[in-house]
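For reference, the structure is listed below as structure tokens.
As a basis for the values below, the full set of heavy atoms in this structure was taken, side chains included, without hydrogen atoms, waters or symmetry mates. Along the sequence shown, residues are numbered consecutively beginning with 1.
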Amino acid sequence: MKKIIVSALLIMIGIGMSAQTKKVSILGDSYSTFDGANPEGYAPFYPNDKNDVTQVEQTWWSLYIKANGYQLEENNSWGGTTICNTGYGGMDVRSTSFIARADMLGEPDIIFVFGGTNDSWANSPIGEYKYSSWTPDDLKFFRSGLSKLLVLLKFYYPRAKIYAMLNSELKEEINESCRTICQHYNVQLIELHDIDKQNGHPSIKGMQAIYEQLQEAIKE
């Protein structure tokens with residue numbers, strides 16, 4: 001009888017632990033890509049012959065998920081993409097932007113939005129702060145684009161915890177816009193610093209630094 005009770009308790013504990021396993025989704029750009037880990041047809045940066053990250057286990061997101069006992073739900077990261085609908089050379093990228101992919105994250109408990117890098121590098125227009133009633137033209141601007149994105153994520157995934165990640169060495173207009181907009185929507189912004197890079201992208205050392213800064217910033 002005692003063995004039966006112990007076995008039942010172990011089963012219950014196992015079920016409880018399984019139920020607590022959190023699912024993580026990522027909405028990102030090249031910094032979060034790895035060949036085979038993103039939807040087919042997306043443009044991955046990693047692996048790359050000008051960067052020492054050669055294994056998916058070396059990426060920031062893989063390190064974070066493994067360390068916390070979570071599971072990957074969806075990594076919707078596409079190299080070269082912007083948050084807003086204006087890409088490099090002023091191109092209309094409404095089909096590939098973060099806004100366009102906001103509803104492709106599965107059923108996550110945690111969402112990491114790691115973007116803004118290409119908006120900064122592509123000199124996407126900043127625009128004014130606007131928190132509702134966006135027109136298609138508004139979404140060509142970074143501030144309106146980020147606001148729209150966070151509203152969409154909260155709508156599509158009401159139970160998920162959303163974290164925004166901000167790359168180091170971006171234009172201050174991008175940095176300040178992220179701070180203001182994330183504060184408005186009560187989304188925690190994790191501002192990264194001292195990220196080692198090769199060919200403009202995190203190296204093994206840089207990936208480790210991102211992971212460690214996430215662990216420090218997120219207290220659950």
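- You'll find the side chain of Y185 reaches within 4.5 Å of the side chain of S147, heavy atoms only.
- For the residue pair I218 and F112, the shortest heavy atom distance occurs at CD1-CE2, 3.6 Å.
- Summarising the hydrophobic clusters (Ile, Leu, Val, Met, Phe, Trp, Tyr; side-chain heavy atoms under 4.5 Å, direct or chained), the residues clustered with M104 are Y42, W78.
- In this structure a side-chain-to-backbone donor-acceptor pair under 3.5 Å is present from D52 to I204.
- Aromatic ring pairs are classed by plane angle as parallel below 30°, tilted from 30° to 60° and perpendicular above 60°; the pair H184 and Y131 is parallel.
- Counting only heavy atoms from C-beta outward, the side chains of I195 and Y31 never approach each other to under 4.5 Å.
- Separation of atoms CD (Q183) and SG (C178) is listed at 13.0 Å; rounding is to 0.5 Å.
- No donor-acceptor contact under 3.5 angstrom links the side chains of D137 and T135, judged on distance only.
- Between atom CG of residue D119 and atom CD of residue E173 there is a gap of 12.0 Å, rounded to the nearest 0.5 Å.
- Taking the ring axis of Y157 as reference, the NZ or CZ atom of R159 does not stay both within 45° of it and closer than 6.0 Å to the ring centre.
- Ion pairing between E57 and K66 fails under the 4.0 Å rule for side-chain N and carboxylate O.
- The closest donor-acceptor contact from the side chain of R101 to the backbone of T96 lies under 3.5 Å.
- P47 has its side chain within reach of D35: a pair of non-hydrogen atoms, C-beta onward, lies under 4.5 Å apart.
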| field | Trace of the side-chain contact (heavy atoms from CB on, under 4.5 Å) decision for W134 with V151 | value | CA-CA 11 Å; W134 303 278; V151 168; 3.7 Å; yes

| task | Kindly indicate, with the supporting measurements, whether the criterion side-chain contact (heavy atoms from CB on, under 4.5 Å) is fulfilled by W121 and L170. | result | CA-CA 8 Å; W121 291 354; L170 300 185; 4.2 Å; yes

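- Across every non-hydrogen atom of S30 and F45, the tightest pair is CB-CB, 3.7 Å.
- Note on L27 and V93: separate hydrophobic clusters, where clusters join Ile, Leu, Val, Met, Phe, Trp and Tyr whose side-chain heavy atoms are under 4.5 Å apart, directly or indirectly.
- The shortest non-hydrogen separation linking N76 to P39 is ND2-CG, 3.9 Å.
- The number of heavy atoms from other shown groups lying within 6.0 Å of CD (E128) does not exceed 12.
- In this structure, the side chain of K22 does not engage the main chain of N68 through any donor-acceptor pair within 3.5 Å.
- Proximity of M207 to Y46: side-chain heavy atoms (C-beta onward) are separated by under 4.5 Å at one or more points.
- For the residue pair D138 and S133, the shortest heavy atom distance occurs at OD2-O, 3.9 Å.
- In terms of heavy atoms, A100 sits closest to R94 at CB-O, 3.0 Å.
- Side-chain atoms of S25 never come within 3.5 Å of backbone atoms of E73 as a donor-acceptor pair (strictly under, hydrogens ignored).
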| CA sep, side-chain torsions, deciding dist, call: F114, W61, ring-ring contact (aromatic ring centres under 6.0 Å, His included) | CA-CA 11 Å; F114 195 178; W61 50 271; over 10 Å; no

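- Annotation: the span from S203 atom OG to Q198 atom CD amounts to 5.0 Å, rounded to 0.5 Å.
- Side chain of T86 to main chain of K140: a donor-acceptor pair is present (N/O by atom type, distance under 3.5 Å, no hydrogens or angles).
- Both Y88 and I126 belong to a common hydrophobic cluster when Ile, Leu, Val, Met, Phe, Trp and Tyr are linked at side-chain heavy-atom distances under 4.5 angstrom.
- To the nearest 0.5 angstrom, H201 atom NE2 is 8.0 Å from N48 atom CG.
- Donor-acceptor pairing under 3.5 Å is recorded for the side chains of S97 and N85.
- One hydrophobic cluster, built from ILVMFWY side chains closer than 4.5 Å, holds both L149 and Y129.
- Under the 4.5 Å side-chain contact rule for hydrophobic residues, F141 and F98 do not share a cluster.
- Using a distance-only test at 3.5 Å, with no hydrogens or angles considered, a donor-acceptor pair links the side chain of K23 to the main chain of E107.
- The side chain to side chain contact (heavy atoms under 4.5 Å, CB included) test applied to L152 returns I99, A102, K148, Y156, not counting sequence neighbours.
- At a cut-off of 3.5 Å, with distance as the only test, no side-chain donor of N38 or T33 sits close to an acceptor on the other residue.
- Here the straight-line distance linking atom OG of S32 with atom CD1 of I210 works out to 7.5 Å at 0.5 Å rounding.
- Look at R143 and E176 and you find no salt bridge, because none of the NZ, NE, NH1 or NH2 atoms lies under 4.0 Å from a carboxylate O.
- Looking only at side-chain heavy atoms (C-beta outward), S177 and L146 stay at 4.5 Å or farther from each other.
- Atoms CD and NZ, on Q208 and K205 in that order, are 11.0 Å from each other to the nearest 0.5 Å.
- Counting only distance, with no hydrogens or angles, the side chain of D29 and the backbone of G115 share no donor-acceptor pair below 3.5 Å.
- The only option from T81, N167, T82 that meets the side-chain hydrogen bond (donor to acceptor under 3.5 Å, both in side chains) definition with T117 turns out to be N167.
- Taking the side chain as every heavy atom from C-beta outward, Y163 and L214 never approach each other to under 4.5 Å.
- Counted within 6.0 Å of CG on N186, heavy atoms from surrounding residues, nucleotides or ligands total 12 or fewer; the atom is thus considered open.
- Contact detail for V53 and N51: the closest heavy-atom pair is N-OD1, 3.0 Å.
- Put simply, the side chain of Q213 gets close to the backbone of H193: a donor and an acceptor are under 3.5 Å apart.
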